Amino acid sequence: MTQADRVLLMVIVAIAGAVRLWGISFGLPHSETRPDERQLINLAIRIASGDSNPHYFIWPSAQMYALAALFRGGSWLSASINGVELSRPDLHLIARLFSAALGTASVGLIWIIARRFELHRLASAAALFLALAYLHVRDSHFGTLDVPMTFAVLAAFVLLPMPESNVRRLALYGLVAGLATSVKYNAAVLALPAIWLVIRDALILRQNGLRPLAHLAAVALAFVGGFLIGTPYAVLDPDAFVAGLTALRRHIADGHVHGGQVLAVPDAGRYYLSVVLPAAVGWPLFTAGMTGLALLVIRRPREGIATVIVPLVSLTIAATGQTAFARYVIPVIPFLCLGAAEVVSAAAARLNAGGLMRQVVTLVLPLALIFPSAWTVVWLDLLLARRDNRLVATEWIEKNIPAGASIAQTGSIYGRLQLPVGRYAEWSWDERAEQFVREGRPQEAGPDVLVVQNSPLTLYSPVPASLKSVVRSSYLLVQSLRTGIAAVPEQYFDPADAFYVPLVRVDGIRRPGPDVLVYRRRE
């Protein structure tokens with residue numbers, strides 16, 4: 001590794017960190033601008049408070065324990081330095097910084113993996129691809145599970161035995177793979193590369209039958225041990241663990257449920273391959289990545305098949321259910337980046353011209369492949385750095401609506417305004433009874449103010465037809481706070497996810513959040 005390679009890697013990692021930290025505090029102090037954050041943080045708070053059993057196993061618990069440790073350390077520092085406890089927005093920010101840090105570190109790991117695949121100088125291309133992969137950058141802003149799990153997957157791959165299996169390396173790989181699975185169950189596919197390597201080496205090298213069995217046993221024991229380090233209550237509270245896995249399986253199989261409505265994607269595989277992955281990294285990088293993974297299998301069958309197993313099986317498992325989230329393909333993205341670097345390497349190798357031409361190809365082609373994704377990343381960060389529309393609307397309400405007024409809001413909690421507790425009387429619309437209620441009691445007249453959220457996410461921003469007729473007859477529009485989101489078709493979003501930023505056409509949005517329309521009751 002030359003000094004120039006070190007400098008280039010440092011620059012790429014710095015870029016990766018910058019785009020993941022830019023806009024990291026988006027939406028705060030609103031606690032629902034990123035679904036799943038609040039749930040994960042609540043579980044970590046419970047653990048930090050002394051109850052080490054999360055009592056929740058739809059997710060494994062390794063990240064909960066990590067966040068609990070960070071929260072306790074952060075609270076101690078805050079109390080020591082400032083004399084105050086951390087606020088809820090502070091905890092959200094810590095969880096997001098944790099993801100951003102591991103997302104940035106993943107860039108270094110893919111560089112190491114690429115060098116182990118003998119890509120050498122083009123390891124920097126693989127690192128650049130992951131540094132600016134749109135979906136990976138986007139979810140590195142979230143205090144959720146997917147980016148940390150992907151980091152753990154790559155950490156395991158760094159330990160993949162090359163060029164020949166040995167029991168010590170396999171056990172270490174199994175341990176880290178088990179820890180990765182303890183971040184999110186999806187990482188269990190990491191068991192397959194180890195199984196493939198052991199069986200392949202046993203057949204090709206004609207090993208004694210006991211040796212491969214010893215290797216497989218080492219992987220299995222280490223894997224289970226790693227998983228239980230992060231999720232010990234899988235055996236300490238087995239009934240809750242089995243119930244969590246059962247609920248997760250049902251959720252994946254039957255479709256995503258919210259507010260009594262089901263969003264099922266019967267052809268999830270086509271959706272991931274034709275919509276999500278091209279949006280995740282851009283069409284050029286997606287095409288090159290898929291081609292490069294095939295080249296890896298052809299050129300280096302042992303390591304290539306071990307590598308392709310993970311994204312292939314991950315996508316296959318995701319495609320078997322009817323619940324489809326863009327974040328499910330995040331572990332696939334680093335492997336596409338590795339495959340794209342292989343394509344660049346193959347293109348440079350086919351050039352019989354002088355070294356200068358090869359250098360031009362190895363510089364220009366990676367930049368061309370990553371440009372669409374990088375362009376979207378810049379627009380995303382510009383957007384996240386702007387004040388969220390839910391906060392803008394809340395500020396307008398506080399300035400223009402007197403305390404004590406009655407207010408009703410439409411749509412899900414993710415798009416609603418979080419108004420000061422006790423400042424206003426909160427009403428809701430009972431769709432079955434077709435009337436307003438307050439604290440469960442029907443109201444004859446409507447509330448003083450009606451706040452309507454509007455977005456293409458029909459699962460999260462519905463306005464019942466019965467309520468629309470009441471608005472037309474009894475209410476007057478007094479403020480319209482629009483973001484440009486209404487002009488973007490729903491198919492450009494991740495429709496199951498209550499994140500009010502599209503996967504594509506991010507540059508058409510002025511600020512994050514749904515449109516907010518404020519109505520006053522006619523006198």
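The structure presented is a predicted model; accordingly, all values stated were derived computationally and were not measured.
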As a quick check of understanding, evaluate salt bridge (charged side-chain N to carboxylate O under 4.0 Å, His left out) for Glu398 and Arg423, giving each step before the final call. CA-CA 9 Å; Glu398 291 181 26; Arg423 182 180 175 90; 5.5 Å; no
Please report whether the ring centroid of Phe142 lies less than 6.0 Å from that of Phe499. yes
Taking all heavy atoms of Arg482 and all of Leu517, pick out the closest pair and write down the distance. NH2-CD2, 3.6 Å
Determine, step by step, whether Thr483 and Asp515 satisfy the side chain to side chain donor-acceptor pair (under 3.5 Å) criterion, reporting the C-alpha distance in whole Å, the side-chain angles of both residues, the deciding distance to 0.1 Å, and the verdict. CA-CA 6 Å; Thr483 66; Asp515 289 346; 3.2 Å; yes
Carboxylate-amine/guanidinium contact Arg387 Glu395, below 4.0 Å: yes
Locate the shortest heavy-atom distance separating Ser373 from Gly282; write the atom from each residue and the value. CB-N, 4.4 Å
Tell me the closest heavy-atom pair linking Pro514 and Asn389, and the distance in Å. O-ND2, 2.7 Å
Inspect the surroundings of CZ in Arg72 and state if more than 12 heavy atoms from other residues, nucleotides or ligands are less than 6.0 Å away. no
With distance as the sole criterion, is a donor-acceptor pair present between the side chains of Asp497 and His256 under 3.5 Å? no
Taking the six-membered ring for Trp, are Phe157 and Phe335 closer than 6.0 Å centroid to centroid? yes
Under a plain distance cut-off of 3.5 Å, with no hydrogens placed, do Thr394 and Gln418 share a side-chain donor-acceptor pair? no
Does Tyr424 use its side chain to pair, donor to acceptor, with the backbone of Ile401 at less than 3.5 Å? yes
Any salt bridge linking Arg327 with Asp36? Criterion: basic side-chain nitrogen under 4.0 Å from a carboxylate oxygen. yes
To check you understand the geometry: which heavy-atom pair defines the closest contact between Thr144 and Pro35, and what is its length? CG2-O, 3.9 Å
Does atom CH2 (Trp283) have a neighbourhood of more than 12 heavy atoms from anything else shown, all under 6.0 Å? yes
All N/O donor-acceptor pairs, side-chain side in residues 223-240, below 3.5 Å, sequence neighbours left out:
unit_1 : atom_1 : unit_2 : atom_2 : d
Thr231 : OG1    : Ser61  : N      : 3.2
Thr231 : OG1    : Ser182 : OG     : 2.5
Tyr233 : OH     : Ser52  : OG     : 2.6
Asp237 : OD2    : Asn53  : ND2    : 3.1

Closest heavy-atom pair, Pro334 versus Leu154, reported as atoms and distance to 0.1 Å, is CB-CD2, 3.7 Å
Return the set of residues passing side-chain contact (heavy atoms from CB on, under 4.5 Å) with Thr376 (not counting sequence neighbours), or none when no residue passes. Tyr134, Val506
Between Asp388 and Arg511, is there a side-chain N and carboxylate O pair less than 4.0 Å apart? no
Is it true that the side chains of Gln261 and Tyr460 contain a donor and an acceptor less than 3.5 Å apart? no
Does Trp22 CH2 have over 12 foreign heavy atoms under 6.0 Å away? yes
Does a side-chain heavy-atom distance below 4.5 Å link Leu93 with Ile24? yes
Indicate whether any N or O donor in one side chain lies under 3.5 Å from an N or O acceptor in the other, for Arg20 and His136. yes
Assess, by modelled atom type and distance only, whether the side chains of Ser461 and Asn454 contain a donor and an acceptor separated by less than 3.5 Å. no
